[in-house]
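Just so you know, ligand 1 is whichever comes first in the structure, and atom 1 is the first atom listed for that ligand. None of these values were measured; they are calculated from a predicted model. Every heavy atom of this structure was used, including side-chain atoms; hydrogens, water molecules and symmetry mates were not.
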Amino acid sequence: MGAAGCLNAIKSAVDAPEFEMNEKVKQKMSSDRQILISGAGPVGYATALNLALHGIPFTLFESGADIFEDPRAGTIHPPTLEMFEASGVTQAMLDEGYIVRNYHYRDRRDGIVADFHLEALKDETRHPYRVMLEQHKLSRILRDKLKGFGNHQILNEHRVARVVQDGDGVTAIVETPQGEKSFRGAYMIGCDGGRSQVRKSMNVKFDGFTYPERFLVLSTKYDFGAHGYAITNYIADPDEWCALFKVPGYDGKGLWRILFPAAHEASEAELFDEASIQKRISGFQTKDGPYDIYHRNLYEVHQRVASSYRDGRLLLAGDAAHINNPLGGMGMNFGLHDSFNLTDKLAKIWFEGASEDLLDLYDRQRRTVAQEFLQRQTIENKRNIEQKDPAEREKFYEDLRAITRDPEKLRVYLLRVAMIEGIRRSNSIT
Ligand SMILES: Cc1cc2nc3c(=O)[nH]c(=O)nc-3n(C[C@H](O)[C@H](O)[C@H](O)COP(=O)(O)OP(=O)(O)OC[C@H]3O[C@@H](n4cnc5c(N)ncnc54)[C@H](O)[C@@H]3O)c2cc1C
């Protein structure tokens, strides 16, 4: 069925309570084909745009009233820039974001350990750099691109409460300001984050672990670049490691984010206390007078992967499918890669009559690399940055120095941390 045949699909909201629909209504809804998406974060919006580009009608539900602006993802890796080229999203990200051609691995006391230049990837990707752009700005770019397409609706303040499936499709029960409604679709994609309701409606587990400490994110306009820091810095320390990044911020002139570990026994009030924040940030870099602080946010950090990304017509992508610590800037990128993989397969099923077995292939490809690559790399990144054993720490630093001295080792290392290896591995799974 082509897109033109689905024009009325998105009018299928029904105010009837769950399971009280008469057969006629149910029949009509079953024949109306669209895809439902739960969650309008970056992965939900990317999934929406990908479906729109393929010509597949959809409804996107978001529990919030607008795009959240908390300081989470800021790093966009080369494969993501390649994937978004055709839609013009990459150009928009390059226009708004900062291009990062090198980044530092540092020791908090002794300074630069290794300076990684992504130019070493010039024969591997059209974008041998990272882009720094806040995730809410990417979401906005995606939402703006969607304005050029018909055949869809985006419903804010619509919280997916649960989803049930039958032989013909799925029924989502959605809480709205006007009360509960049911929506029908051929598939439901859960892009609704770590606490995904879609995942909870599926027969899957979300095994893994939660770190005892939380991550504290502070932001300031103070220019750390004047002290020799790169736009991206990972700063190892046995007592208080940190990560320091510059994102464009409110005016495009820059906002520096610092991410510190926060002791699990400390209360939010203690961690957010102005004096304690000033002490912590000045302990990292002293300056005359207090820092101007724009964000103080606290995140619980987990390492978990869903036991399957597919249960019949219910599918998972992004944080709903896998969550990890942010060191390396990979979680959102990985979720966006899920989205491209999944929507390409859905388009083959939708328009070419391909087998739904493709959805199992999606699960195999993306879940395998989430385990082998995303989880392994981010767990390793945290272990290295907080290494307490001086001999282990020195060995790790020596490995990093050796990588930067040897062009082949550097290429191989950067292929992994720039997420190119993960994509190649995913595509190799049949
Ligand atoms: C401090 C920090 C820094 C990070 N830095 C990076 C980075 O540099 N690079 C990177 O790649 N990743 C990074 N990440 C990870 C990144 O933020 C996440 O991977 C990303 O937000 C996942 O996007 P998502 O769309 O899957 O989920 P989310 O961003 O969590 O979006 C889910 C959406 O679903 C909505 N929702 C939830 N439940 C429902 C429901 N029942 N019904 C309807 N809507 C619902 C939510 O309101 C939300 O809008 C970082 C994370 C943290 C905490």
Side-chain angles (χ1 to χ4, degrees), residues 36-48 59-77 79-80 97 100 103 130-136 138-139 142-143 154-163 172-176 183 188-201 211 214-219 231-232 234 242-243 245 247 257-262 295-302 304 306 316-339 370 374 377-378 381 418-419 422:
L36 308 180
I37 308 168
S38 177
V43 177
Y45 271 121
T47 301
T59 293
L60 172 59
F61 305 104
E62 165 56 42
S63 54
D66 203 348
I67 292 169
F68 290 109
E69 294 204 1
D70 65 331
R72 292 201 278 162
T75 305
I76 321 279
H77 287 285
T80 313
V100 181
Y103 69 91
R130 296 172 167 198
V131 169
M132 295 307 294
L133 183 71
E134 296 93 328
Q135 76 176 53
H136 66 265
L138 169 58
S139 291
L142 294 165
R143 187 176 64 184
I154 299 172
L155 301 175
N156 282 90
E157 296 183 292
H158 277 59
R159 179 184 171 276
V160 174
R162 61 197 178 282
V163 201
I173 314 304
V174 181
E175 293 163 2
T176 81
F183 292 77
M188 164 66 100
I189 308 175
C191 302
D192 44 359
R195 296 194 173 94
S196 170
Q197 282 304 125
V198 175
R199 193 185 63 239
K200 287 172 188 163
S201 300
Y211 287 104
R214 291 149 298 162
F215 285 20
L216 175 68
V217 179
L218 306 175
S219 71
I231 291 180
T232 295
Y234 299 102
C242 56
F245 310 90
V247 293
R257 285 187 187 166
I258 294 202
L259 187 152
F260 291 108
H295 291 102
R296 50 193 87 194
N297 289 62
L298 202 54
Y299 296 95
E300 279 214 335
V301 189
H302 318 265
R304 291 176 196 276
L316 297 174
D319 274 21
H322 44 75
I323 42 177
N324 55 273
N325 81 66
L327 294 168
M330 294 183 169
M332 177 188 75
N333 283 268
F334 205 89
L336 296 169
H337 304 171
D338 294 342
S339 168
L374 179 67
Q377 186 66 50
T378 52
N381 289 347
M419 304 185 76

Nearest non-hydrogen contact with atom 18 (C) of ligand 1 belongs to which option: N333, D319, L374? D319

Where does the angle between the aromatic ring planes of H158 and F61 fall among parallel (under 30°), tilted (30 to 60°) and perpendicular (over 60°)? parallel

Based purely on interatomic distance, does M332 place a nitrogen or oxygen under 3.5 Å from a nitrogen or oxygen of ligand 1? yes

Residue portion contacting ligand 1 (non-hydrogen atoms closer than 4.0 Å) for F215: neither

Among all protein heavy atoms, pick out the one at the shortest distance from atom 37 (C) of ligand 1; state its residue, atom name and that distance to 0.1 Å. D192 O, 3.3 Å

Atom 29 (O) of ligand 1: which of R72, M419, H295, M330 has the nearest heavy atom? R72

Using a 4.0 Å heavy-atom cut-off, say whether H158 meets ligand 1 through its side chain, its backbone, both or neither. backbone

Looking only at heavy atoms, is any part of A161 under 4.0 Å from ligand 1, and if so is it the side chain, the backbone, or both, or is it neither? neither

Can you pull out the closest protein heavy atom to atom 48 (C) of ligand 1? Residue, atom name and distance to 0.1 Å, please. E62 OE1, 3.5 Å

Would you mind telling me if ligand 1 is within reach of the side chain of V217, the backbone, both or neither, using heavy atoms under 4.0 Å? side chain

For ligand 1, which atoms have a heavy atom of T75 less than 4.0 angstrom away? 7 (C), 8 (O), 9 (N)

Proximal atoms of ligand 1 relative to V43 (non-hydrogen, under 4.0 Å): 23 (O), 24 (P), 25 (O), 26 (O)

Can G335 be said to touch ligand 1, with heavy atoms closer than 4.0 Å? no

In the protein, which heavy atom is nearest to atom 27 (O) of ligand 1, and how far is it? G193 CA, 3.8 Å

For atom 34 (O) of ligand 1, what is the closest protein heavy atom, and at what distance to 0.1 Å? G39 CA, 3.2 Å

Decide, yes or no, whether a salt bridge links D192 with K200 under the criterion of side-chain N to carboxylate O below 4.0 Å. no

Of S196, G318, P326, the residue with the heavy atom nearest atom 3 (C) of ligand 1 is P326

Residue, atom name and distance, where the atom is the protein heavy atom closest to atom 45 (C) of ligand 1: S63 OG, 3.4 Å

Suppose we measure from atom 5 (N) of ligand 1 to each protein heavy atom; which comes out shortest, and what is that distance? A73 CA, 3.2 Å

Going by distance only, is there an N or O of G194 that falls short of 3.5 Å from an N or O of ligand 1? no

Using a 4.0 Å cut-off to any heavy atom of G41, which atoms of ligand 1 qualify? 25 (O), 31 (O), 33 (C), 49 (O)

How does Q197 reach ligand 1, by side chain, by backbone, by both or by neither, if only non-hydrogen atoms under 4.0 Å count? side chain

Any idea which part of P42 is under 4.0 Å from ligand 1, heavy-atom wise: side chain, backbone, both or neither? both

How close does the nearest protein non-hydrogen atom get to atom 32 (C) of ligand 1, and which residue and atom is it? C191 O, 3.5 Å

Within a distance under 4.0 Å of any heavy atom of Q135, pick out the atoms of ligand 1 and give their elements. 16 (C), 17 (O), 20 (C), 21 (O), 29 (O)

Could you tell me whether V160 and ligand 1 have an N or O pair separated by under 3.5 Å? yes

